K.L.:
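Here you go, one structure.
Keep in mind the model is a prediction, meaning the values are calculated, not measured.
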Amino acid sequence: MGVFGKFERGIENAVNSVFGRAFKSEIKPVEIASAINRAMDEGAAVYSRSRTISPNVFTVTLSPDDYARLDQWGRESIADELIDHAIKYATSQGYTFLGPLTVSFTSNEEAGTGTVRVDSQTVRGAVAPVTTSAPSPANPIIDVQGQRYLLTGPVTIIGRGSDADIVVDDTGVSRHHLELRVTPRGVIATDLNSTNGSFVEGHRITAATLVDGNTITIGRTRIMFWTNPETYA
């Protein structure tokens, strides 16, 4: 069985319990995840020999009946399931994202019960989930408490606020705590006048140019930083 077949079966097993309770119509759980996979395949664009860009913003259109059931169950939790499996699929296919993944839902009177349509877009953001990408000076990778991000924009804000590019659940972190800016001269970490300060290798900084393998600490949160694929663990 190929990668796609194994992945499809994995999706069905993993999300069936969630979707099976959410949908009581003719729609099958795997159909929505598979529709997102197809949208990724159809929208994928070869950027270079080693990089294929996939869409990262998805709008799922359902019939009013299916949409109502979805809303009763909780759109946010189901969207999170779909995002998680989209990342796994992108990893299996070697796709790279240029921004964070989002899945939203809408209804259409013309959509039949049990049918699904997915529209996709590629939208650049500050960070993206790490799939198969290796770090580089232009697109470093950071690890925030075990969650890895590819820096895809010139500026990334890390903080506790919901509008930060990377939201950290840490009471010792300010709403807008740290800025990472990618420049031709390197990545500059700047403390944004935070309450508890920012530290690079244990030294409190106002601003500092990062080097590969640096550890940044904000509050109780540790952030690892890589630009070199040879040292990326």
Side-chain angles (χ1 to χ4, degrees), residues 54 56-58 74-88 90-91 95-104 123-183 185-229 231-233:
S54 167
N56 59 302
V57 175
F58 305 96
R75 282 178 289 174
E76 186 173 334
S77 61
I78 293 176
D80 287 344
E81 291 284 341
L82 289 169
I83 288 170
D84 181 61
H85 289 283
I87 293 171
K88 292 177 182 177
T91 301
Y95 294 155
T96 297
F97 299 115
L98 292 183
L101 270 68
T102 64
V103 174
S104 60
V123 179
R124 182 178 288 276
V127 297
V130 172
T131 52
T132 60
S133 300
S136 68
N139 296 113
I141 288 177
I142 61 173
D143 182 309
V144 184
Q145 299 292 83
Q147 183 67 49
R148 295 191 174 187
Y149 301 89
L150 179 71
L151 302 190
T152 51
V155 177
T156 301
I157 303 297
I158 303 173
R160 190 163 43 86
S162 60
D163 59 341
D165 298 310
I166 298 176
V167 179
V168 178
D169 185 15
D170 182 342
T171 56
V173 172
S174 299
R175 290 182 57 80
H176 289 177
H177 195 113
L178 182 73
E179 174 192 277
L180 299 180
R181 183 178 293 270
V182 180
T183 77
R185 298 176 299 281
V187 178
I188 300 173
T190 301
D191 182 79
L192 299 176
N193 297 317
S194 66
T195 301
N196 296 319
S198 300
F199 300 81
V200 175
E201 300 298 330
H203 301 285
R204 186 162 186 163
I205 58 103
T206 299
T209 300
L210 301 176
V211 298
D212 196 69
N214 270 162
T215 299
I216 309 163
T217 305
I218 57 174
R220 297 180 301 278
T221 300
R222 295 182 65 203
I223 302 169
M224 297 294 296
F225 173 86
W226 293 279
T227 58
N228 187 342
T231 60
Y232 177 56

K.L.:
Can you confirm whether S174 sits close enough to L192 that some side-chain heavy atom of one is under 4.5 Å from a side-chain heavy atom of the other?
P.N.:
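Not in contact.
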
K.L.:
State, to 0.1 Å, how close R148 and W226 come at their nearest heavy-atom pair, and which atoms those are.
P.N.:
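Heavy atoms of R148 and W226 come nearest at NH2-CH2, 3.7 Å.
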
K.L.:
Is any side-chain heavy atom of T206 less than 4.5 Å from a side-chain heavy atom of D191?
P.N.:
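No, their side chains stay 4.5 Å or more apart.
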
K.L.:
If you look at every heavy atom in G172 and N196, which pair is closest and at what distance?
P.N.:
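Heavy atoms only, the tightest pair is O-ND2, 2.8 Å.
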
K.L.:
To the nearest 0.5 Å, how far apart are CZ in F58 and CG in L101?
P.N.:
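With rounding to 0.5 Å, CZ (F58) is 5.5 Å from CG (L101).
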
K.L.:
Would you tabulate the side-chain donor-acceptor contacts of residues 155-164 under 3.5 Å, counting partners in other chains and residues two or more places apart, or write 'none'?
P.N.:
unit_1 : atom_1 : unit_2 : atom_2 : d
R160   : NE     : V173   : O      : 2.8
D163   : OD1    : H176   : NE2    : 3.0
D163   : OD2    : H176   : NE2    : 3.2

K.L.:
To the closest 0.5 Å, what do you measure between CG (L82) and CZ (R75)?
P.N.:
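Rounded to the nearest 0.5 Å, the CG-CZ separation comes to 13.5 Å.
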
K.L.:
Looking at Q145 and I223, would you say the former's side chain and the latter's main chain have a donor-acceptor pair under 3.5 Å?
P.N.:
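No, Q145 side chain to I223 backbone: no donor-acceptor pair under 3.5 Å.
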
K.L.:
Return yes if some donor-acceptor pair links the side-chain N/O of N56 with the main-chain N/O of V123 below 3.5 Å, else return no.
P.N.:
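Side chain of N56 to backbone of V123: a pair is present.
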
K.L.:
Heavy atoms only: give me the nearest S198-L178 pair and the separation to one decimal.
P.N.:
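Of all heavy-atom pairs spanning S198 and L178, the closest is OG-CD1, 3.7 Å.
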
K.L.:
Taking N139 for the side chain and S136 for the main chain, is one N or O donor matched with an acceptor at less than 3.5 Å?
P.N.:
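No, because the side chain of N139 does not come within donor-acceptor range (under 3.5 Å) of the backbone of S136.
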
K.L.:
I'd like to check V127 versus I142 (side-chain heavy atoms, cut-off strictly below 4.5 Å). Are they in contact?
P.N.:
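SC-SC contact between V127 and I142 ruled out.
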
K.L.:
Looking at every non-hydrogen atom in both residues, tell me the closest pair between A128 and G99 and how far apart they are.
P.N.:
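So the two residues come closest at CB-O, 3.5 Å.
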
K.L.:
OG1/T217 to CD1/I205 distance, rounded to the nearest 0.5 angstrom?
P.N.:
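Interatomic distance, T217 OG1 to I205 CD1, rounded to 0.5 Å: 10.5 Å.
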
K.L.:
If you round to the nearest 0.5 Å, how far is OG1 of T209 from CD1 of I188?
P.N.:
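The distance works out to 4.5 Å.
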
K.L.:
Backbone N or O of T152 within a donor-acceptor pair of the R124 side chain at under 3.5 Å?
P.N.:
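Present.
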
K.L.:
Got T190 and R181 here, is their nearest side-chain heavy-atom distance under 4.5 Å?
P.N.:
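Not in contact.
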
K.L.:
If you compare all heavy atoms of P135 against all heavy atoms of P229, which two are closest, and at what distance to 0.1 Å?
P.N.:
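In this case the closest contact between P135 and P229 is O-CD, 3.4 Å.
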
K.L.:
Find the distance between OH (Y232) and CG (D143) and round it off to the nearest 0.5 Å.
P.N.:
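Rounded to the nearest 0.5 Å, the OH-CG separation comes out at 7.5 Å.
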
K.L.:
Is there side-chain contact between D170 and I218, with at least one heavy-atom pair below 4.5 Å?
P.N.:
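Not touching, per the 4.5 Å side-chain cut-off.
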
K.L.:
With a 4.5 Å heavy-atom cut-off, do T131 and F97 have their side chains touching?
P.N.:
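They are in side-chain contact.
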
K.L.:
Taking atom CG of L151 and atom CG of D165, what is their separation to the nearest 0.5 Å?
P.N.:
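L151 CG to D165 CG: 9.5 Å, rounded to 0.5 Å.
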
K.L.:
Looking only at heavy atoms, which two atoms of A189 and L180 are closest? And how far apart?
P.N.:
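Answer, listing the atom of A189 first, then L180: CB-CD2, 3.7 Å.
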
K.L.:
Does H177 reach the main-chain N or O of N193 with its side chain, forming a donor-acceptor pair under 3.5 Å?
P.N.:
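The answer is no, because no donor-acceptor pair under 3.5 Å joins these two groups.
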
